Asker: 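Structure in structure tokens, see below.
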Amino acid sequence: MQARVLEAYQLHTLIGLLRERGYCCVGPTVRDGAIVYDRIAGPTDLPVGWTDEQAPGSYRLKRRDDGAYFGYVVGPHSWKKYVFPPERRLWQLKRAGQQFERVDEPSQTPKYAFIGVRACEIAALRIQDRVFTGGEFTEPEYEARRELAFVVAVNCTQSADTCFCVSMKTGPEVKSGYDLALTEVVGESHYFTIRAGTDRGREVLASLKTSAVNEAQRSAANTRVRQAAESQTRTVDTEGIKELLQRNYESEQWKEVAERCLSCANCTMACPTCFCSSVEDVADLTGEHAERWRRWDSCFNPEFSYIHGGEVRKTTASRYRQWMTHKLSTWFDQFGSSGCVGCGRCITWCPVGIDLTEEVRKMRAGETS
Amino acid sequence: MLPEAWIVRENLRETEDVVTLVLEPGGSAAPTAFAPGQFNMLYAFGAGEVPISMSGDPGDPTKLVHTIRDVGPVTAALCRLQPGELVGVRGPFGSHWPVADQQGRDIVIAAGGIGLAPLRPVVHHVLRHRGDYDDVVLLYGARRPSELLFTGEFESWRQSDIQVVVTVDHAPADWTEHVGVVTTLIRHGKFETEQASAFLCGPEVMMRFTAAELESKGVSPDKTWISMERNMKCAVGFCGHCQLGTEFICMDGPVFTWPRMRNLITVREL
Ligand SMILES: Cc1cc2nc3c(=O)[nH]c(=O)nc-3n(C[C@H](O)[C@H](O)[C@H](O)COP(=O)(O)OP(=O)(O)OC[C@H]3O[C@@H](n4cnc5c(N)ncnc54)[C@H](O)[C@@H]3O)c2cc1C
Ligand code: SF4
Ligand code: SF4
């Protein structure tokens with residue numbers, strides 16, 4: 001479908017149309033010095049005029065000198081919290097004669113509209129789709145939430161120092177997996193180019209007041225996305241990366257990185273593709289009602305690998321190895337793609353600034369020296 | 001996936017810390033066929049859910065038989081269950097011992113400790129189809145005689161022409177069988193190494209040494225299977241806990257060919 005032009009002030013209408021259609025709109029918003037995803041009522045809840053400065057182990061918000069709605073990249077949150085909630089009661093049961101009876105109220109699947117989804121984040125959602133719905137078993141709640149979710153994507157017009165989506169071939173341009181895709185142009189005039197990727201996207205777009213794109217507008221939008229790609233400084237050489245990691249299980253490098261790594265699990269919580277969870281079963285005092293809770297877990301937690309007799313992965317070296325090897329290598333064997341989309345969150349939110357792209361470089365250098 | 005309620009029919013004490021539960025379907029549960037080596041997630045109401053292999057006869061799916069060692073809170077709660085009480089079941093999950101595909105061959109079953117539980121369905125299968133196989137050997141080891149499982153059945157297995165060779169690490173004065181690790185039993189079994197298929201379950205070191213020893217004696221590594229154990233929360237490939245390198249133990253395993261595991265289990269803390 002042809003791109004159209006949506007005047008910036010019409011973003012309000014877009015969010016309004018989605019709300020009218022029953023969507024709970026969630027998107028970036030400023031809280032406690034970071035851009036996080038939360039409910040938004042309209043464009044003024046977005047981080048208007050803010051940008052982020054990111055580096056290994058550091059994140060800072062700064063004022064922009066314009067009124068851009070999407071003039072930053074990704075923060076500590078990702079959309080996974082809406083399709084795969086961090087904490088969830090899976091069921092409540094009671095014993096009823098010779099069977100268990102479910103006693104929780106069936107919950108209604110929330111219907112979200114994600115406002116401002118970046119290309120790498122669409123790639124991450126698709127990776128989680130394969131984990132939760134692409135195999136022999138399907139996670140019904142994930143599937144239901146994901147199917148309902150309306151994706152308003154935004155092309156990145158800048159990169160952070162920590163971004164490496166170009167290397168991972170996931171961005172910065174949104175190519176598929178969206179209902180609507182926007183490119184923001186702020187300059188003498190402030191507008192979006194907007195495209196629909198699905199029928200429900202086309203329906204919303206048709207209800208918006210848009211105009212045809214002229215050549216100058218198209219090229220202004222394209223230039224900004226191209227600049228985001230060109231300004232990216234961080235890279236990973238992905239050639240043979242799966243084999244590289246799997247032949248380095250016994251490398252000394254894991255011990256070196258373990259001298260810095262705190263095993264704090266920040267990287268796994270921030271990562272948009274990490275999917276590990278744990279369950280806890282509890283009963284009330286009478287012992288007649290029981291429930292099961294599921295929470296995000298991390299391969300950095302000691303109990304994660306616990307079996308009778310002790311943890312399988314006792315050392316931080318083995319946990320970091322598990323994490324990085326899974327992301328960049330064994331994910332290919334399991335799910336047919338990389339487990340990393342190059343969003344850079346794990347680099348920014350690592351308290352000691354461990355950078356997996358740097359670790360890949362060291363590993364390659366270690367093999368040739 | 002909700003656990004289905006099954007009813008405990010019998011709680012049989014095997015050893016000081018091991019019991020066998022015999023379960024029958026509760027209200028809405030239906031018997032499901034399983035293959036030797038597969039496991040269920042057993043849920044002790046309100047206490048937790050853990051993977052436990054079937055230890056019963058795959059030829060009789062009307063009941064479920066599980067042999068459980070009490071090592072922590074959930075297994076303790078399961079071991080305490082009395083006849084009439086409910087236990088939650090999800091399953092069956094995982095890969096299986098391909099014993100049915102080994103017709104005409106010799107069968108070597110090597111188990112350590114509780115590792116005989118997941119292998120007993122292989123014995124059951126052999127007993128039902130004894131004519132399909134040539135020599136059949138069970139090599140079984142435990143720390144001490146009191147920790148040996150299913151000893152009451154050994155005589156009837158022997159009567160069906162299954163060689164049962166037993167060893168312990170620590171032998172009391174009146175012990176008349178072997179002393180030492182399971183690997184030392186291999187030479188006491190009568191079988192043709194070239195036509196043998198081997199099924200191994202026990203501590204990882206035991207499986208490693210036994211597989212290596214069998215290989216050095218001429219048993220094909222491709223005809224050697226082992227069963228792996230890892231922390232497991234969901235059994236359907238979502239929770240991520242049971243990963244071992246490229247493998248999810250719950251979905252790709254727990255039973256693997258030896259060549260698939262050899263390079264992974266020799267990496268420490270993988
Ligand atoms: C495929 C498979 C088949 C198994 N079959 C049997 C069997 O037939 N009989 C038997 O007695 N045991 C079997 N086990 C081991 C059994 O699952 C553990 O002993 C049990 O999970 C311990 O839980 P717990 O709460 O009692 O003890 P804790 O040691 O306190 O366990 C705490 C948690 O750690 C995990 N955990 C601890 N030990 C293990 C372990 N060895 N394997 C996997 N997860 C563990 C569980 O999630 C458990 O909830 C099997 C394990 C697997 C993976
Ligand atoms: S591993 Fe790091 S860079 Fe890759 S997707 Fe996860 S958080 Fe982003
Ligand atoms: S790599 Fe960094 S973020 Fe990840 S566990 Fe180690 S210290 Fe924490």
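Every chain is numbered from 1, with letters handed out A, B, ... down the list of sequences. Quick caveat, the model's predicted, so the values are computed rather than measured.
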Asker: Tell me if the centroids of the rings in B:Phe45 and A:Phe100 come within less than 6.0 Å of each other.
Answerer: yes
Asker: Examine whether an atom of A:Asp281 lies under 4.5 Å from a heavy atom of chain B, and if so say whether it belongs to the side chain, the backbone or both; otherwise answer neither.
Answerer: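 For A:Asp281, backbone and side chain are both near chain B.
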Asker: Answer with side chain, backbone, both or neither: which region of A:His326 has an atom nearer than 4.5 Å to a non-hydrogen atom of chain B?
Answerer: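 Side chain only.
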Asker: Tell me, side chain or backbone of B:Met232 under 4.5 Å from chain A's heavy atoms, or both, or neither?
Answerer: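 For B:Met232, no heavy atom lies under 4.5 Å from chain A.
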Asker: If I compare all heavy atoms of B:Leu2 with all of A:Arg102, which pair ends up nearest, and what's the gap?
Answerer: CD1-CD, 3.8 Å
Asker: Heavy-atom pairs under 4.5 Å with chain A - which of B:Arg268, B:Glu4, B:Gln243, B:Lys233 has more of them than the others?
Answerer: B:Gln243
Asker: Need one label for A:Leu90: side chain, backbone, both or neither, based on atoms under 4.5 Å from any heavy atom in chain B.
Answerer: neither
Asker: Just wondering, are more than 12 heavy atoms of other shown residues or ligands nearer than 6.0 Å to NZ in A:Lys255?
Answerer: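 Counting other residues, nucleotides and ligands, NZ of A:Lys255 stays at 12 neighbours or fewer.
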Asker: Other residues, nucleotides and ligands only: do more than 12 of their heavy atoms fall within 6.0 Å of NZ on A:Lys362?
Answerer: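 Yes.
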Asker: Considering non-hydrogen atoms only, spot the tightest contact between A:Cys276 and B:Gly240 and give its length.
Answerer: SG-CA, 3.6 Å
Asker: What part of A:Ser278 gets within 4.5 angstrom of chain B, counting heavy atoms only: side chain, backbone, both, or neither?
Answerer: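 For A:Ser278, backbone and side chain are both near chain B.
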Asker: Between B:Val267 and A:Arg321, is the side chain to side chain contact (heavy atoms under 4.5 Å, CB included) condition met? List the steps.
Answerer: CA-CA 12 Å; B:Val267 179; A:Arg321 175 181 67 192; 3.6 Å; yes
Asker: Most heavy-atom pairs under 4.5 angstrom with chain B, which of A:Glu136, A:Arg292, A:Glu280?
Answerer: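 Ranked by contacts with chain B, first place is A:Arg292.
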Asker: Which answer fits A:Val279, side chain, backbone, both or neither, if we ask what part of it has an atom under 4.5 Å from a heavy atom of chain B?
Answerer: both
Asker: Considering only heavy atoms, which portion of A:Glu303 lies under 4.5 Å from any heavy atom of chain B: side chain, backbone, both, or neither?
Answerer: backbone
Asker: Using a cut-off of under 4.5 Å for heavy-atom pairs, which of B:Gly72, B:Gly237, B:Gly245 has the most such pairs with chain A?
Answerer: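 Looking at each option in turn, the highest pair count goes to B:Gly245.
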Asker: Heavy-atom pairs under 4.5 Å with chain B - which of A:Asp284, A:Val282, A:Thr325 has more of them than the others?
Answerer: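 The answer is A:Val282.
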Asker: For A:Glu311, is it the side chain, the backbone, both, or neither that has a heavy atom closer than 4.5 Å to a heavy atom of chain B?
Answerer: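 For A:Glu311, no heavy atom lies under 4.5 Å from chain B.
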Asker: Taking side chain as everything from C-beta outward and backbone as N, CA, C, O, which of these in A:Glu139 sits under 4.5 Å from a heavy atom of chain B? Side chain, backbone, both or neither.
Answerer: both
Asker: To the nearest 0.5 Å, what is the distance between OH (A:Tyr249) and CG (B:Asn263)?
Answerer: 10.0 Å
Asker: For atom CZ of B:Arg143, is the number of surrounding heavy atoms from other residues, nucleotides or ligands below 6.0 Å larger than 12?
Answerer: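 Atom CZ in B:Arg143 is not crowded, with 12 or fewer foreign heavy atoms closer than 6.0 Å.
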Asker: Under a 4.5 Å heavy-atom cut-off, does chain B meet the side chain of A:Thr138, its backbone, both or neither?
Answerer: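 For A:Thr138, the backbone is the part near chain B, not the side chain.
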Asker: Angle between ring planes, B:His241 versus A:Phe304, binned at 30° and 60°: parallel, tilted or perpendicular?
Answerer: parallel
Asker: To the nearest 0.5 Å, what is the distance between CD1 (B:Ile114) and NE2 (A:His308)?
Answerer: 10.0 Å
Asker: Is it the backbone or the side chain of B:Val50 that comes under 4.5 Å from a heavy atom of chain A, or both, or neither?
Answerer: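 B:Val50 has no heavy atom closer than 4.5 Å to chain A.
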Asker: Between A:Gln99 (side chain only) and B:Gly26 (backbone N and O only), is there a donor and an acceptor less than 3.5 Å apart?
Answerer: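 No; zero donor-acceptor contacts below 3.5 Å.
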Asker: If you look at every heavy atom in B:Leu270 and A:Val312, which pair is closest and at what distance?
Answerer: C-CG1, 4.3 Å
Asker: If you measure from CZ on A:Phe275 to CZ on B:Phe238, what distance do you get to the nearest 0.5 Å?
Answerer: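 These two atoms lie 9.5 Å from each other.
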Asker: Under 4.5 Å from any heavy atom of chain B, what part of A:Phe84 do you find: side chain, backbone, both or neither?
Answerer: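 The answer is neither part of A:Phe84.
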Asker: Identify the heavy atoms of B:Pro3 and A:Trp91 that sit nearest to each other, and give their distance.
Answerer: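 For B:Pro3 versus A:Trp91, the nearest heavy atoms are CD-CZ2, 3.7 Å.
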Asker: What part of A:Arg319 is in contact with chain B, defined as an atom under 4.5 angstrom from a non-hydrogen atom: side chain, backbone, both or neither?
Answerer: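 A:Arg319 has no heavy atom closer than 4.5 Å to chain B.
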Asker: Below 4.5 Å from any heavy atom of chain B, which atoms of A:Arg294 appear? Answer side chain, backbone, both or neither.
Answerer: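 For A:Arg294, no heavy atom lies under 4.5 Å from chain B.
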Asker: State whether the number of non-hydrogen atoms from other residues, nucleotides or ligands found under 6.0 Å of A:Tyr306 atom OH is greater than 12.
Answerer: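 It does: A:Tyr306 OH has more than 12 such atoms within range.
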Asker: Kindly give the heavy-atom pair with the smallest separation between A:Arg313 and B:Glu269, and that separation in Å.
Answerer: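 Shortest heavy-atom separation between A:Arg313 and B:Glu269 comes out as CG-O, 3.2 Å.
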Asker: Where on A:Lys242 is there a heavy atom nearer than 4.5 Å to chain B: the side chain, the backbone, both, or neither?
Answerer: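 For A:Lys242, neither part sits under 4.5 Å from chain B.
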Asker: Which bit of A:Ser329 comes within less than 4.5 Å of chain B, counting heavy atoms only: side chain, backbone, both or neither?
Answerer: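 When you check distances to chain B, no heavy atom of A:Ser329 falls under 4.5 Å.
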Asker: Going through the checks in order, is the side chain to side chain contact (heavy atoms under 4.5 Å, CB included) test met by B:Asp252 and A:Gln334?
Answerer: CA-CA 10 Å; B:Asp252 306 317; A:Gln334 298 169 351; 5.9 Å; no
